[in-house]
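First up is the structure itself, then whatever we jot down about it.
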Amino acid sequence: MYKIAVIGDWDSIYGFATLGMDTFPVTDPAAAGQKIRELAESNYAVIYITEALAARLTAEINHYRQEPLPAIIQIPGTSGNTGAGIESVRKSVEQAVGADILFGKDDTTTN
């Protein structure tokens with residue numbers, strides 16, 4: 001059975017444990033990169049990571065973007081929402097479907 005992990009600073013991730021997710025409080029980018037590799041090899045299908053930490057692990061995250069699992073999803077942390085998580089999801093959907101179906105360039109509707 002696949003598992004779900006959350007990586008980031010403790011204040012941003014501790015609440016996810018109440019939802020049954022495995023939490024890994026990490027702030028050092030090198031340690032976080034190692035933790036992502038460990039989790040990817042340990043039956044984790046989804047890894048949530050705070051946007052602040054993910055911003056420092058672009059190469060590592062992009063490596064797994066080409067793999068079917070794990071899905072690495074950025075979430076806002078206590079430092080706030082940078083918009084990187086939404087942008088990452090948009091790019092993934094666009095890559096999968098071939099078009100930006102979530103946030104089109106023109107959000108106006110005509111009747």
Validation row: [X], [Y] side chains within 4.5 angstrom (heavy atoms):
X: Leu39; Y: Phe24; result: yes
X: Asp22; Y: Lys3; result: yes
X: Asp9; Y: Leu53; result: no
X: Trp10; Y: Thr23; result: yes

To the nearest 0.5 Å, tell me how far [X] [atom1] sits from [Y] [atom2].
X: Tyr44; Y: Leu69; atom1: OH; atom2: CG; result: 14.0 Å
X: Ile49; Y: Lys35; atom1: CD1; atom2: NZ; result: 12.0 Å
X: Thr50; Y: Arg56; atom1: OG1; atom2: CZ; result: 9.5 Å
X: Ile36; Y: His63; atom1: CD1; atom2: NE2; result: 10.5 Å

Cluster check Tyr2, Ile72: I/L/V/M/F/W/Y, side chain < 4.5 angstrom: no
Non-hydrogen atoms of [X] and [Y] that approach each other most closely:
X: Ile61; Y: Ala54; result: CD1-CB, 3.5 Å
X: Val26; Y: Ala32; result: CG1-N, 3.5 Å
X: Pro70; Y: Ile47; result: CG-CD1, 3.7 Å
X: Arg37; Y: Glu60; result: NH1-OE1, 2.7 Å

Ile73/Val46 under side-chain contact (heavy atoms from CB on, under 4.5 Å): CA gap, chis, key distance, verdict: CA-CA 7 Å; Ile73 302 168; Val46 178; 4.0 Å; yes
Plane angle bin for Tyr48 and Phe16 - parallel if under 30°, tilted between 30 and 60°, otherwise perpendicular: parallel
Side-chain donor/acceptor of Asn43 to backbone N/O of Met1, under 3.5 Å: yes
Sidechain-backbone polar pair: Ser12 side chain, Thr78 backbone, donor-acceptor under 3.5 Å: yes
